[in-house]
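The figures here come from the full heavy-atom set of this structure, side chains too, leaving out hydrogens, waters and symmetry mates.
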Amino acid sequence: MRNTIKAVLQAAALAVVASSLGGCSLFGISFGTAQLSPKECLMRAMYFESNRSSAEGMLAVGTVVMNRVNDPRYPKSICGVVGQKNQFAQGVMTKRMTDSGAVLASQMADQVLNGARHPGVRSAQHFHTAGLRFPYNNMHYVLEAGGNEFYEKY
């Protein structure tokens, strides 16, 4: 009986640790990323990429995510797009969302999932920090919002 209780407590403790790992893995088992819903993945991209306070910026980031989902060159799921290596903020799938910006991200994710798009983003699939400009001939800037510059590539 004692061993059973001990085993149950250890399993519960492991479950608590695993749930706090976000997108990490433990003993080869992936936690977090596979468990995130499309809304959670979208929220994370908007939260970590748009200075957390701008509804317009969050909508613009959400529009980029959806533009990528609809392009055959990118993964076909929101979590696949957001989780792509070196595409969004480091730790986007694992860091904690700790301030009120998470509430706004949730609201904006609902809007994007219900079809809302930022008209200024148009077909842009890329953005970078505002204030930087690159003179490449294959970039066309379309919008500045939420601390980011959004651009289309030719």
Side-chain angles (χ1 to χ4, degrees), residues 15-154:
V16 169
V17 169
S19 69
S20 70
L21 290 175
C24 299
S25 66
L26 181 66
F27 307 122
I29 301 168
S30 177
F31 298 101
T33 304
Q35 298 172 349
L36 295 177
S37 70
K39 179 181 176 178
E40 290 168 323
C41 292
L42 189 58
M43 283 175 58
R44 291 178 154 284
M46 293 188 299
Y47 177 88
F48 289 110
E49 294 286 3
S50 68
N51 291 340
R52 300 182 187 113
S53 61
S54 166
E56 180 186 23
M58 287 188 183
L59 181 59
V61 170
T63 301
V64 165
V65 170
M66 299 312 292
N67 286 349
R68 288 183 178 195
V69 167
N70 292 319
D71 186 311
R73 295 174 293 180
Y74 292 93
K76 289 291 166 210
S77 70
I78 292 171
C79 290
V81 165
V82 175
Q84 264 193 310
K85 188 174 182 173
N86 300 322
Q87 294 297 303
F88 291 92
Q90 188 171 356
V92 68
M93 299 298 273
T94 57
K95 288 183 182 176
R96 291 187 183 271
M97 295 183 286
T98 59
D99 62 23
S100 62
V103 173
L104 180 59
S106 176
Q107 294 166 346
M108 297 311 297
D110 285 336
Q111 289 185 29
V112 170
L113 291 170
N114 286 320
R117 301 293 183 270
H118 193 298
V121 171
R122 301 189 288 202
S123 62
Q125 296 177 343
H126 309 280
F127 59 92
H128 59 70
T129 303
L132 302 175
R133 285 288 175 142
F134 300 98
Y136 302 120
N137 292 334
N138 68 340
M139 296 172 70
H140 173 67
Y141 288 94
V142 296
L143 176 72
E144 181 178 335
N148 291 307
E149 298 272 357
F150 295 82
Y151 62 95
E152 297 171 331
K153 272 180 131 176
Y154 303 119

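- For the pair A45 and V65, the tightest heavy-atom approach, listed with the atom from each and the gap, is CB-CG2, 4.1 Å.
- Within the model, atoms CG of D71 and CD of Q125 stand 4.5 Å from one another, a figure rounded to the nearest 0.5 Å.
- Side-chain N or O atoms of D110 include none that pairs as donor or acceptor with a backbone N or O of K39 at under 3.5 Å.
- Counting all heavy atoms, side chain and backbone alike, M58 lies closest to S50 at CG-OG, 2.9 Å.
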Open item on the list: With side chain to side chain contact (heavy atoms under 4.5 Å, CB included) as the criterion, how do M97 and F48 come out once you've worked through the C-alpha distance, each side chain's angles and the decisive distance to 0.1 Å?
Closed with: CA-CA 8 Å; M97 295 183 286; F48 289 110; 3.9 Å; yes
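- A distance of 7.0 Å separates CD in Q111 from CG in L59, rounded to the nearest 0.5 Å.
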Open item on the list: Could you go through N137 and Y154, starting from their C-alpha distance and side-chain angles, then the distance that decides it, and tell me whether this counts as side chain to side chain contact (heavy atoms under 4.5 Å, CB included)?
Closed with: CA-CA 8 Å; N137 292 334; Y154 303 119; over 6 Å; no
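- Within the 3.5 Å criterion, the main-chain N or O of V81 finds no donor-acceptor partner in the side chain of Q87.
- Within the 3.5 Å criterion, the main-chain N or O of S106 finds no donor-acceptor partner in the side chain of Y47.
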- [ ] Show the numbers, then the answer: is there a side chain to side chain contact (heavy atoms under 4.5 Å, CB included) between V142 and E152?
- [x] CA-CA 7 Å; V142 296; E152 297 171 331; 3.8 Å; yes
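- The shortest distance between side-chain heavy atoms of R117 and V112 falls below 4.5 Å.
- Of the possible polar contacts, none joining the N148 side chain to the G57 backbone as a donor-acceptor pair under 3.5 Å is found.
- N138 places no side-chain N or O within 3.5 Å of a backbone atom of K153 that could act as its donor or acceptor partner.
- Checked by atom type and distance alone, the side chain of T63 pairs as donor or acceptor with a backbone atom of H118 at under 3.5 Å.
- Rounding to the nearest 0.5 Å places CG of L42 at 9.5 Å from CE of M108.
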TODO: Please assess Q84 against R68 for the test side-chain hydrogen bond (donor to acceptor under 3.5 Å, both in side chains), listing each intermediate value before the final yes or no.
DONE: CA-CA 11 Å; Q84 264 193 310; R68 288 183 178 195; 4.6 Å; no
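- The distance from the CZ atom of F88 to the CE atom of M46 is 11.0 Å, given to the nearest 0.5 Å.
- Counting only heavy atoms from C-beta outward, the side chains of V82 and M93 approach each other to under 4.5 Å.
- Applying the side-chain contact (heavy atoms from CB on, under 4.5 Å) test between Y151 and each of H128, H140, R133 identifies H128 as the sole match.
- Scanning both residues, V64 and F150, for their nearest heavy atoms gives CG2-CD2, 3.6 Å.
- Heavy-atom contacts from other residues, nucleotides or ligands closer than 6.0 Å to CZ of F134 number more than 12.
- Scanning all heavy atoms of the two residues, the minimum distance from S123 to N67 falls at C-ND2, 3.4 Å.
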Open item on the list: What verdict does the side chain to side chain contact (heavy atoms under 4.5 Å, CB included) test give for F127 and L143, after you've listed the backbone C-alpha separation in whole Å, the side-chain angles of each residue and the deciding distance to 0.1 Å?
Closed with: CA-CA 9 Å; F127 59 92; L143 176 72; over 6 Å; no
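- For the atom pair C79 SG and R44 CZ, the distance stands at 10.0 Å (nearest 0.5 Å).
- Here the CD1-CE distance, from I78 to M43, works out to 12.5 Å after rounding to the nearest 0.5 Å.
- Nearest heavy-atom pair, C41 versus L36, reported as atom, atom and distance to 0.1 Å: SG-CB, 3.7 Å.
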